[in-house]
Engineer: 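The structure is given below, and queries will be raised subsequently.
Everything numeric in this text was worked out from a predicted model, so none of it was measured.
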Amino acid sequence: MRYDLVIFDNDGVLVDSEPLSNRLLAGYLTELGHPTSYEGSLRDYMGAAMHRVHDLVEERTGRRLPEDFDDVFHRRVFAAFERELEPVAGAVGVLEKLAADGVPYCVASSGSHERIRVGHRKTGLDRWFDDGRIFSSQDVGRGKPAPDLFLHAAERMGVDPARCVVVEDSPLGVRAAVAAGMDVYGFTAMTPGDRLTGATQLFSDMGELVDLLV
């Protein structure tokens with residue numbers, strides 16, 4: 001393995017949550033008088049922490065979202081997770097291989113700790129991630145595209161950023177990894193490769209990842 005640490009994004013990389021959460025986000029914003037399409041939600045918010053939703057809506061409209069926006073949205077998302085969430089195809093095999101080979105790995109997500117854990121419990125991925133392998137934008141001051149989260153994960157895992165590789169599926173996440181001085185493998189299952197500018201490598205099938213990292 002050419003890297004000392006593999007850092008996974010969560011949504012869209014480990015759990016197939018992006019279609020669910022962006023459909024709900026677009027619907028909720030529209031309900032509140034901020035018309036948003038599913039495609040627009042993916043474009044503007046995929047891979048981002050919740051503060052980006054608040055910031056963009058206020059920047060564009062001059063209006064703030066309700067105080068309980070995050071709580072209401074997360075209740076809807078978690079309910080959808082319980083009904084529908086599945087792991088990304090091939091993700092379990094990748095984790096099994098990394099664990100068997102003793103390769104350090106972790107998850108660094110824009111989502112909250114609660115969101116990460118709810119998704120992992122539903123999909124069975126919790127067996128691969130103890131508390132020491134889970135990092136959230138809640139842990140740092142700035143979410144992606146700032147490099148803070150990835151640098152925090154590397155520091156906590158005791159690995160030089162230059163020896164880390166990030167697995168990402170969003171333009172914001174790729175930008176964050178590049179800013180952190182890390183290689184980044186862009187997963188194109190949902191995002192066209194030309195939007196993942198700066199990625200070290202692009203791939204479309206999670207089952208290919210381990211061979212690409214060798």
Engineer: Taking all non-hydrogen atoms of both residues, which atom of Leu149 and which atom of Ala108 are closest, and how far apart?
Structural biologist: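 Of all heavy-atom pairs spanning Leu149 and Ala108, the closest is CD2-C, 3.7 Å.
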
Engineer: According to side chain to side chain contact (heavy atoms under 4.5 Å, CB included), who are the partners of Thr61, at least two apart in sequence or on a separate chain?
Structural biologist: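 Thr61 satisfies side chain to side chain contact (heavy atoms under 4.5 Å, CB included) with His34, Val57, Arg63 only.
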
Engineer: Is Trp128 linked to Ile7 within one hydrophobic cluster, defined over Ile, Leu, Val, Met, Phe, Trp and Tyr using a side-chain heavy-atom separation of less than 4.5 Å?
Structural biologist: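 In one cluster: no.
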
Engineer: Would you mind writing out the side-chain donor-acceptor pairs for residues 71-94 within the sub-3.5 Å range, not counting sequence neighbours?
Structural biologist:
{"unit_1": "His74", "atom_1": "ND1", "unit_2": "Asp70", "atom_2": "O", "d": "3.0"}
{"unit_1": "Arg76", "atom_1": "NH1", "unit_2": "Glu31", "atom_2": "OE1", "d": "3.2"}
{"unit_1": "Arg76", "atom_1": "NH2", "unit_2": "Glu31", "atom_2": "OE2", "d": "3.2"}

Engineer: Report the C-alpha distance between Arg117 and Asp131 in whole Å, list the side-chain angles of each, state the deciding distance to 0.1 Å, and finish with yes or no for salt bridge (charged side-chain N to carboxylate O under 4.0 Å, His left out).
Structural biologist: CA-CA 10 Å; Arg117 286 173 170 81; Asp131 287 347; 2.8 Å; yes

Engineer: Would you say that Val53 contacts Phe69 through its side chain, given a criterion of any heavy-atom pair below 4.5 Å between the two side chains?
Structural biologist: yes

Engineer: Does this structure show an ion pair linking Asp44 with Arg60, if we count only N-O contacts that are shorter than 4.0 Å?
Structural biologist: yes

Engineer: Among pairs that include at least one residue of residues 162-185, which meet ring pair (Phe, Tyr, Trp, His ring centres under 6.0 Å), considering only residues two or more places apart or in two chains?
Structural biologist: none

Engineer: For Thr197, which residues count as a side chain to side chain contact (heavy atoms under 4.5 Å, CB included) partner, sequence neighbours excluded?
Structural biologist: none

Engineer: Taking Arg133 for its side chain and Tyr105 for its backbone only, find out whether a donor-acceptor pair lies under 3.5 Å.
Structural biologist: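 Pair found, side chain donor or acceptor close to backbone of Tyr105.
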
Engineer: Looking at Asn22 and Ser41, what are the two nearest heavy atoms and their distance?
Structural biologist: OD1-OG, 2.7 Å

Engineer: How about Cys106 and Ile134: do any of their side-chain heavy atoms sit closer than 4.5 Å?
Structural biologist: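 Side-chain contact under 4.5 Å: no.
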
Engineer: Is there a donor-acceptor pair closer than 3.5 Å between any side-chain N or O of Ser137 and the backbone N or O of Gly143?
Structural biologist: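 No; judged by distance alone, with no hydrogens or angles, the pair does not exist.
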
Engineer: For Leu95 versus Leu125, what's the shortest heavy-atom pair and its separation?
Structural biologist: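 Scanning both residues, the minimum pair turns out to be CD1-CD2, 4.0 Å.
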
Engineer: Using the test ring pair (Phe, Tyr, Trp, His ring centres under 6.0 Å), find all partners of Phe187 that sit at least two apart in sequence or belong to another chain.
Structural biologist: Phe203

Engineer: Distance from Asp126 atom CG to Asp130 atom CG, nearest 0.5 Å?
Structural biologist: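 If we round to the nearest 0.5 Å, Asp126:CG and Asp130:CG are 11.0 Å apart.
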
Engineer: Please examine the side chains of Asp169 and Glu18, heavy atoms only from C-beta on, and report whether any two atoms are closer than 4.5 Å.
Structural biologist: yes

Engineer: Starting at CD of Glu208, measure out to CG of Leu213 and round the result to the nearest 0.5 Å.
Structural biologist: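 Result: 11.5 Å between the selected atoms.
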
Engineer: Among the clusters formed by ILVMFWY side chains lying less than 4.5 Å apart, do Met206 and Ile116 turn up in the same one?
Structural biologist: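 Yes, it is one cluster - the side chains of Met206 and Ile116 are joined through contacts under 4.5 Å.
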
Engineer: Find the distance between OH (Tyr45) and OG (Ser21) and round it off to the nearest 0.5 Å.
Structural biologist: 13.0 Å

Engineer: Tell me who clusters with Val214, hydrophobic residues only, linked when side chains sit under 4.5 Å apart either directly or through other members.
Structural biologist: none

Engineer: I'd like to check the ring pair (Phe, Tyr, Trp, His ring centres under 6.0 Å) partners of His51; sequence neighbours left out, ordered by chain and number.
Structural biologist: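 Checked His51 against ring pair (Phe, Tyr, Trp, His ring centres under 6.0 Å); zero matches.
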
Engineer: Closest approach of Pro145 and Arg175, non-hydrogen atoms and distance?
Structural biologist: CG-NH2, 3.6 Å

Engineer: So, for Leu196 and Pro171, which heavy atoms are closest and what is the spacing to 0.1 Å?
Structural biologist: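 Shortest heavy-atom separation between Leu196 and Pro171 comes out as CD2-N, 3.6 Å.
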
Engineer: Does Pro35 have any side chain to side chain contact (heavy atoms under 4.5 Å, CB included) partners at least two apart in sequence or in another chain, and if so, which?
Structural biologist: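 Pro35 satisfies side chain to side chain contact (heavy atoms under 4.5 Å, CB included) with no other residue.
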
Engineer: Does the distance from a Lys or Arg side-chain N to an Asp or Glu carboxylate O, for Arg142 and Asp148, drop under 4.0 Å?
Structural biologist: yes

Engineer: Under 3.5 Å, is there a donor-acceptor pair between the side chain of Ser109 and the main chain of Ser136?
Structural biologist: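 No, because the side chain of Ser109 does not come within donor-acceptor range (under 3.5 Å) of the backbone of Ser136.
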
Engineer: Could you state the interatomic distance from OG1 (Thr200) to CG (Leu212), rounded to the nearest 0.5 Å?
Structural biologist: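 So the gap between those two atoms works out to 11.5 Å.
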
Engineer: When rounded to the nearest 0.5 angstrom, what is the spacing between CZ in Arg52 and CD in Glu59?
Structural biologist: 9.0 Å

Engineer: Output side-chain donor-acceptor pairs under 3.5 Å for residues 150-167, partner residues at least two apart or in another chain, one line each.
Structural biologist:
{"unit_1": "Asp160", "atom_1": "OD1", "unit_2": "Ala162", "atom_2": "N", "d": "2.9"}
{"unit_1": "Arg163", "atom_1": "NE", "unit_2": "Asp4", "atom_2": "OD2", "d": "3.0"}
{"unit_1": "Arg163", "atom_1": "NH1", "unit_2": "Arg2", "atom_2": "O", "d": "3.2"}
{"unit_1": "Arg163", "atom_1": "NH2", "unit_2": "Arg2", "atom_2": "O", "d": "3.0"}
{"unit_1": "Arg163", "atom_1": "NH2", "unit_2": "Asp4", "atom_2": "OD1", "d": "3.3"}

Engineer: Going by side-chain heavy atoms closer than 4.5 Å, which hydrophobic residues are tied to Met46, directly or by a chain of links?
Structural biologist: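 Joined to Met46, directly or through intermediates: Tyr38, Leu42, Met190.
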
Engineer: Should Tyr28 and Val118 be regarded as members of a common hydrophobic cluster, given that ILVMFWY residues are connected when their side-chain heavy atoms come within less than 4.5 Å of each other, either directly or indirectly?
Structural biologist: yes

Engineer: Identify all side-chain donor-acceptor contacts of residues 8-16 below 3.5 Å with residues at least two apart in sequence or on another chain.
Structural biologist:
{"unit_1": "Asp9", "atom_1": "OD1", "unit_2": "Lys144", "atom_2": "NZ", "d": "3.0"}
{"unit_1": "Asn10", "atom_1": "OD1", "unit_2": "His120", "atom_2": "NE2", "d": "2.8"}
{"unit_1": "Asp11", "atom_1": "OD1", "unit_2": "Ser17", "atom_2": "OG", "d": "2.4"}
{"unit_1": "Asp11", "atom_1": "OD1", "unit_2": "Arg115", "atom_2": "NE", "d": "3.4"}
{"unit_1": "Asp11", "atom_1": "OD1", "unit_2": "Arg115", "atom_2": "NH2", "d": "3.2"}
{"unit_1": "Asp11", "atom_1": "OD2", "unit_2": "Arg115", "atom_2": "NE", "d": "3.3"}

Engineer: For Asp101 and Val103, indicate whether the former's side chain and the latter's backbone hold a donor-acceptor pair under 3.5 Å.
Structural biologist: no

Engineer: Checking Asp183 now: which residues fulfil salt bridge (Lys or Arg N to Asp or Glu O under 4.0 Å) with it, not counting sequence neighbours?
Structural biologist: none

Engineer: Between Val6 and Pro104, is there a side-chain heavy-atom distance shorter than 4.5 Å?
Structural biologist: no

Engineer: Rounded to the nearest 0.5 Å, what's the gap from CG on Leu25 to CG on Leu20? Could you check?
Structural biologist: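 The CG atom of Leu25 sits 12.5 Å away from the CG atom of Leu20.
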
Engineer: List the atom of Gly193, the atom of Thr188, and the distance in Å for their closest heavy-atom pair.
Structural biologist: CA-CG2, 3.9 Å

Engineer: Answer yes if Met182 and Leu98 sit in the same cluster of Ile, Leu, Val, Met, Phe, Trp and Tyr residues linked by side chain heavy atoms under 4.5 Å apart, and no otherwise.
Structural biologist: no

